[in-house]
Amino acid sequence: MRLVILETSNSVAEWAAKYVMRRINNFKPGPDKYFVLGLPTGSTPYGMYQKLIEYYKAGKVSFKYVKTFNMDEYVNLPRDHPESYHYYMWNNFFKHIDIDPKNAHILDGNSDDLVAECENYEKRIVEAGGVELFIGGIGPDGHIAFNEPGSSLVSRTRVKTLAQDTLEANARFFGNDISKVPKQALTVGVGTVMDAKEVMILITGTHKAFALYKAIEEGVNHMWTVSAFQQHPHTLMICDEDATLELRVKTVKYFKDLSALHNKLVED
Amino acid sequence: MTGKLIQFINCKILRNHKFIKEDIWVRNGRIINPEKVFFDEKIQADTVIDCKGNIIAPGFIELQINGGFGYDFSFRDKTEEVTSPKEVYHRVLPKITRRKGDANGATILGVHVEGPFINKEKKGAHPPECIINYENGLSAIEDVYGSLENVKIITLAPEFENSAKVIRELTENKIVVSLGHSTANLAQGEAAVNNGATFITHLFNAMLPFHHRDPGLVGLLASDNILKGQTVYFGIIADGIHTHPAAQRIAYRVHPNGLILVTDAISALGLNEGKHKIGQMNVEIRDRKAYVAGTNTLCGSIATMIECVQLFMKATGCSPEYALEAASLHPAQVLGIEKTKGTLEYEADADFVMLTERFEIKSTWIAGECVYES
């Protein structure tokens, strides 16, 4: 596992975007060879999308031969609701780039048959050749996608009931009315993400510091689902200084000493 | 789901009262929601048009124009006309039918007739012998105009007997009643509005001047005696001649939601200085102003709508967003067509103007087709 420690959340956004661009370009995708990307939503990856749009507009990267699979979506939330992940992806990323709509996949939380929707999603990932790079963020309680504390670490895409903590944290997006917060979501499983060839997790801010500590300094634990990625052969964690506040000095020092090596990963 | 899918990129569009950086997607002549295309249809645009950073604003709607480039609507085959003998109406009105716009001309939503129920004392350029009174009510109107089929707006003076009934009848027939060429006092104006009138023809012009004890029709902008929720709209000729900049500022500050830019342009719009014909009269262009020949009576403006937008911005210091909406959204509202015209919202008609940063017209589009390029 690699931990890249950067100064600010802005540098995390830029580093992550550069890495994605480099991975896509090195892959040399084409009509017979699509690059498959797993995508998160939320405030942490927002800056990364902004940067990727900038690189796309500057002609440095194209999404013409990229397929994307989003991590999760609320159940029974209208697609045009500002908190839906369809809305987020459309407004913050897809409408600005050249991706073919046929290649952009997001779980449909309004499907009549949610179980079938989840099973199909797994199938479509396999048909696309598996995810090359899965990008994720984490919650303060260490969840990845909607794999809440206690989720199985071998879980697959499924319907998930959200934890009370998550509902409370989300209420601010729904007019501070907890009754309006969707209580269920569709989410890829920890196992689904583990199948990706590479996993990149973005962690910024002091409120995520304890989760980062749990993710990398303690053992694999299904109460902190992101810790599962300690056992992934290619995990890349990108964090800012604030997110390291709960880490041991020796952990931080060790990874910071590796920064020259890490920065080579995004050099032009 | 047929029809070519066109995407306009690199543009600043005027939507919901502000400029935003957003693409416009058009299909079958309408503006559509690209999110639905992306997630439901999963298709990409057939044509991408690079707007090169220009502004896209809703297409202008002119509520008061008499002609232009040598054509006079009262005389030649080609929305407003001045008072004329009824033979003229009978001949001309059927020819000005509602039509969809194309490269040969704008969409015609209907005709604005100024007259014949106007006040001789405020006739402006209208020949006095063609002005009649209300005695016979709506049937008189039909007698004069032949058919009301193509008529969308009627300007009338509300101070005469029987006007209340006529206003109600016109309103029931979905004709917008506009108050003007009138010596009405405020109470008469308020009564007319409460009977259904929603518009004031070229505010300040051809009406009593503002008086503090009875502000007349101008007072409607600040009246508290009209039905709640009723917006009174009013036309402003912002050519810099017909309405003093200070008067424009007063109207703008008192009642911004009702302000509609109109050109009141005549057939001499686009023509050179000298003598021309308007309606039954000779017109003279002197110093870029249009007069009844040999007099000092102004008879209409020769400014284009975009000039009015620019002049109005300069006169009032209003935002460009506001000025452009005063020429598009506001007239659509008074006509009750704001869902399809005067807006760039989804499902609206793809009628718009492309403007430079300095608000000069680059091109004009009707139903998603370019009909004019500068």
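Letters A, B, ... are given to chains in the order of the sequence lines, protein chains preceding strands, and every chain is numbered from 1.
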Quiz item: cation-pi between A:Lys67 and A:Tyr34, 6.0 Å / 45°: yes

Any donor-acceptor pair under 3.5 Å from A:Arg158 side chain to A:Ser155 backbone: no

Proximal to chain A - members of residues 42-49 of chain B, heavy-atom separation under 4.5 Å: B:Lys42, B:Ile43, B:Gln44

Interface moiety of A:Asn91 toward chain B, non-hydrogen atoms closer than 4.5 Å: neither

NZ or CZ of B:Lys12 within 45° of B:Phe19 ring axis and under 6.0 Å: yes

Verdict with supporting geometry, A:Val193 and A:Met71, side-chain contact (heavy atoms from CB on, under 4.5 Å): CA-CA 9 Å; A:Val193 183; A:Met71 290 191 134; 4.2 Å; yes

Non-hydrogen side-chain atoms of B:Glu360 and B:Leu355 separated by less than 4.5 Å: no

Single hit among A:Ile203, A:Thr44, A:Thr204, A:Leu202 for side chain to side chain contact (heavy atoms under 4.5 Å, CB included) with A:Asp240: A:Thr204

Contacting moiety of A:His96, where chain B heavy atoms sit under 4.5 Å: neither

Residue A:Ile106 versus chain B: region with a heavy atom under 4.5 Å: side chain

Set of side chain to side chain donor-acceptor pair (under 3.5 Å) partners for B:Ser178, sequence neighbours left out: B:Thr201

